[in-house]
Amino acid sequence: MSIAIAIALTAAAQSDPSQAQPSRAVTAPTDAAVPTTDTDDRVARGIPDRRYPPVFYPNTKQGPADQPVPSGIARFQRDNPISKELRALKAEGVDLVFDFVGNVAANPIGGIRQGSAESHWVSTAADIDLEKLIGLSDTKIHIQGAWFSGDSLGRDSIGNSISFQQTWRPVAGPRLTQLNIEHDFGKLNILVGRGAVNSYFNNSPFNCVFMSNTSCLTAYGGISDIGITAFPNSSWTAKVRYAIDKRWYVQTGVFEYDNDLNLKGKGGLDFSLGKGTGVLIANEVGYQTTFADERLPRRYKAGVYINTDGGQSPYYDRNGASSVVSGLPRVAQGGNRVGLYAMADQTIQRAASKSTRNLALFGRVFYNVGNVAQLDWFASAGFVKTGTFKHRDADTIGFLVSNTHFSNQQIDYLRDLRTKVGGTGSPKSNEIIGEINYGFAAMPGVRILPNIQYVINPDPIFAPTRKTDIPSAIVLGLRLDVRLAQVFGG
């Protein structure tokens with residue numbers, strides 16, 4: 001299997017310890033494979049939850065020695081016919097995933113009005129190992145489809161553009177989210193087909209320990225400014241990754257940019273080539289270790305996005321005037337959209353011996369250096385505590401705070417909208433969102449994440465007739481993850 005698949009299964013083994021032998025405890029090995037493939041690729045493909053809890057795990061299916069499996073669950077997962085069939089398929093080279101992720105959010109305080117919203121997705125995926133299937137060595141096919149449904153609390157009740165539900169998408173319904181083939185030459189890994197930029201760049205398993213869309217599936221900023229083709233939308237891509245050594249890697253990807261592929265009715269099934277408005281290039285250098293490499297592992301990444309489609313001005317029409325005042329569309333810009341990003345995950349504390357109970361800090365930053373866009377910059381920071389109370393080694397506590405800084409042109413546009421309906425003043429440039437949550441591993445394959453989010457200075461992008469600032473809001477949320485393959489022990 002590719003390292004991407006192995007690491008995904010590994011982290012699942014900690015929250016789903018039935019993947020270990022039920023009769024005895026096991027410990028992690030002391031070596032890890034060279035990360036030539038995309039170790040975080042399932043995160044942004046919408047399958048982050050097999051990796052819970054979000055630790056720096058080595059390339060192994062084994063779970064930690066301090067996480068026993070209840071005997072009744074272990075027997076069920078060993079003996080039920082579905083698990084036997086899933087394991088048989090995996091042995092033959094077909095690894096299947098069936099996931100449900102649901103988000104419920106309500107704002108008892110603040111926003112335009114008080115309300116609630118529910119959104120969810122259902123996802124199925126297959127990683128096909130062609131070496132096991134037909135003898136074609138080091139080659140895999142990745143297929144994923146998902147169905148999205150539900151409403152947005154952010155849009156409907158608060159009026160802001162940043163969603164509090166990572167499962168909500170503006171276009172509902174089914175979508176083919178990935179279809180590509182990957183070949184590993186050793187240190188060199190090549191992938192060609194349909195994919196999304198954030199499936200491979202600027203991601204981390206820590207991102208989806210949260211429900212806020214500032215974090216999951218990719219840190220906010222690039223999607224807004226660069227127009228990256230992000231999960232669940234996909235486009236034609238070719239990506240190359242090179243492992244400099246066991247810890248360092250570099251990668252680059254070229255993605256066709258065609259925003260029309262995201263429209264309703266496309267469903268990810270428009271395979272036309274060369275009809276896009278630009279090309280999106282992503283470059284990244286990274287350094288990452290696991291518990292197999294060092295006691296306090298870490299993950300650092302830095303990169304640049306370039307989109308040759310310059311996007312549209314946030315403010316001006318074709319005559320250089322306010323598009324709100326003139327009533328004309330905002331003008332298309334020449335040149336490129338360019339953004340820089342960096343991220344860091346650092347374990348700072350770990351329990352004694354081989355336990356993986358730990359505390360890790362993380363930080364994210366995005367900075368726009370190309371055409372003027374909606375945002376100037378975005379930054380976030382927080383921590384993830386893995387292992388909480390006694391015998392709760394797979395539970396997590398997560399804390400996140402983010403700042404989204406809107407550009408002057410975007411604020412001027414919103415100011416003119418407010419003036420047009422009789423209001424005065426301008427919205428604030430900084431939108432600050434925080435989240436604190438508890439991830440409860442209810443049973444293998446089931447995770448419950450109650451959370452509280454707080455937004456200061458909600459932007460009024462989806463409240464264009466608002467005459468005054470939107471009050472800061474408290475959001476109560478609940479996220480449910482059900483990974484059926486792990487529930488059945490496949």
Side-chain angles (χ1 to χ4, degrees), residues 2-5 7 34-47 127 138-144 176-204 207 217-219 221-244 248-259 261-262 268 271 273-288 299-309 311 336-343 364 366 369-370:
S2 71
I3 296 175
I5 299 171
I7 291 183
V34 176
T36 58
T37 56
D38 297 297
T39 56
D40 293 334
D41 122 302
R42 284 187 181 234
V43 173
R45 282 198 284 139
I47 323 175
D127 287 311
D138 301 312
T139 305
K140 291 91 183 174
I141 292 175
H142 308 294
I143 307 171
Q144 185 191 15
L176 178 67
T177 61
Q178 185 180 51
L179 176 60
N180 53 55
I181 187 168
E182 170 192 5
H183 185 79
D184 201 347
F185 293 93
K187 287 194 171 185
L188 182 68
N189 179 273
I190 296 177
L191 180 145
V192 178
R194 306 284 290 188
V197 182
N198 63 343
S199 293
Y200 314 106
F201 296 85
N202 194 20
N203 57 41
S204 162
N207 289 354
L217 298 160
T218 297
I223 295 175
S224 171
D225 273 10
I226 307 300
I228 69 173
T229 306
F231 176 88
N233 302 308
S234 61
S235 64
W236 287 109
T237 180
K239 185 184 71 69
V240 177
R241 180 181 177 106
Y242 181 76
I244 299 171
W248 286 95
Y249 71 89
V250 293
Q251 64 175 353
T252 186
V254 179
F255 300 78
E256 183 176 33
Y257 182 73
D258 184 355
N259 203 43
L261 296 177
N262 305 336
F271 297 127
L273 179 63
K275 294 184 178 181
T277 56
V279 174
L280 198 155
I281 303 167
N283 300 288
E284 182 177 276
V285 58
Y287 176 94
Q288 51 194 13
R299 181 185 296 109
Y300 307 131
K301 298 182 181 183
V304 56
Y305 300 117
I306 303 171
N307 191 345
T308 61
D309 179 321
N336 299 326
R337 285 182 273 180
V338 183
L340 307 177
Y341 67 85
M343 55 157 285
R364 316 279 185 257
F366 168 85
V369 296

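All heavy atoms count here, side chains included; hydrogens, waters and symmetry mates do not.
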Determine whether Val254 and Val279 satisfy the following criterion, side chain to side chain contact (heavy atoms under 4.5 Å, CB included), listing intermediate values before the conclusion. CA-CA 7 Å; Val254 179; Val279 174; 3.4 Å; yes

Would you sort out whether Val369 and Val338 count as a side chain to side chain contact (heavy atoms under 4.5 Å, CB included), showing the intermediate values? CA-CA 5 Å; Val369 296; Val338 183; 3.5 Å; yes

Could you go through the side-chain hydrogen bond (donor to acceptor under 3.5 Å, both in side chains) check for Asn202 and Thr218 one step at a time? CA-CA 7 Å; Asn202 194 20; Thr218 297; over 6 Å; no

Is there a side chain to side chain contact (heavy atoms under 4.5 Å, CB included) between Val197 and Leu280 once you walk through the steps? CA-CA 9 Å; Val197 182; Leu280 198 155; 4.0 Å; yes

From CA spacing to verdict: side chain to side chain contact (heavy atoms under 4.5 Å, CB included), Thr308, Tyr257: CA-CA 9 Å; Thr308 61; Tyr257 182 73; over 6 Å; no

Go through Glu256 and Ser235 one step at a time and tell me if the side-chain hydrogen bond (donor to acceptor under 3.5 Å, both in side chains) criterion holds. CA-CA 6 Å; Glu256 183 176 33; Ser235 64; over 6 Å; no

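Separation of atoms CD1 (Ile306) and CD1 (Ile226) is listed at 9.0 Å; rounding is to 0.5 Å. How far CD1 of Ile141 is from CG of Leu191: 11.0 Å, rounded to the nearest 0.5 Å. Between Thr139 atom OG1 and Phe185 atom CZ the span is 7.5 Å, to the nearest 0.5 Å. Interatomic distance, CD1 of Ile223 versus CG of Asn198, reported as 5.0 Å (0.5 Å rounding).
One finds no salt bridge joining Arg337 and Asp225 here, because no Lys/Arg side-chain nitrogen approaches an Asp/Glu carboxylate oxygen to under 4.0 Å.
Here the shortest heavy-atom pairing between Phe201 and Thr252 reads CZ-C, 3.8 Å. A pairwise comparison of heavy atoms in Phe255 and Tyr200 identifies CZ-CD1, 4.3 Å as the closest pair. When all heavy atoms of Thr177 and Ser234 are compared, the pair lying nearest together is O-CB, 3.4 Å. When every heavy atom of Gly227 is checked against every heavy atom of Asn307, the shortest pair comes out as O-ND2, 4.3 Å.
Cation-pi geometry between Arg241 and Tyr249 is met: under 6.0 angstrom from the ring centre, within 45 degrees of the axis.
Checked against Tyr341 for a side chain to side chain donor-acceptor pair (under 3.5 Å), the options Glu284, Arg364, Lys301 give a single hit: Glu284. Of the listed residues (His142, Lys140, Gln144), just one forms a side chain to side chain donor-acceptor pair (under 3.5 Å) with Asp127, and that residue is His142.
Relative orientation of the Phe366 and Tyr305 rings is tilted, given thresholds of 30° and 60° on the angle between their planes. Relative ring orientation between Tyr300 and Tyr287 is described as parallel, the plane-to-plane angle staying below 30° on a 0-90° scale split at 30° and 60°.
Side-chain contact check for Asn189 and Glu182: at least one donor-acceptor pair (N or O, by modelled atom type) lies under 3.5 Å.
Not one N or O on the side chain of Asn180 forms a donor-acceptor pair closer than 3.5 Å with the backbone of Val192.
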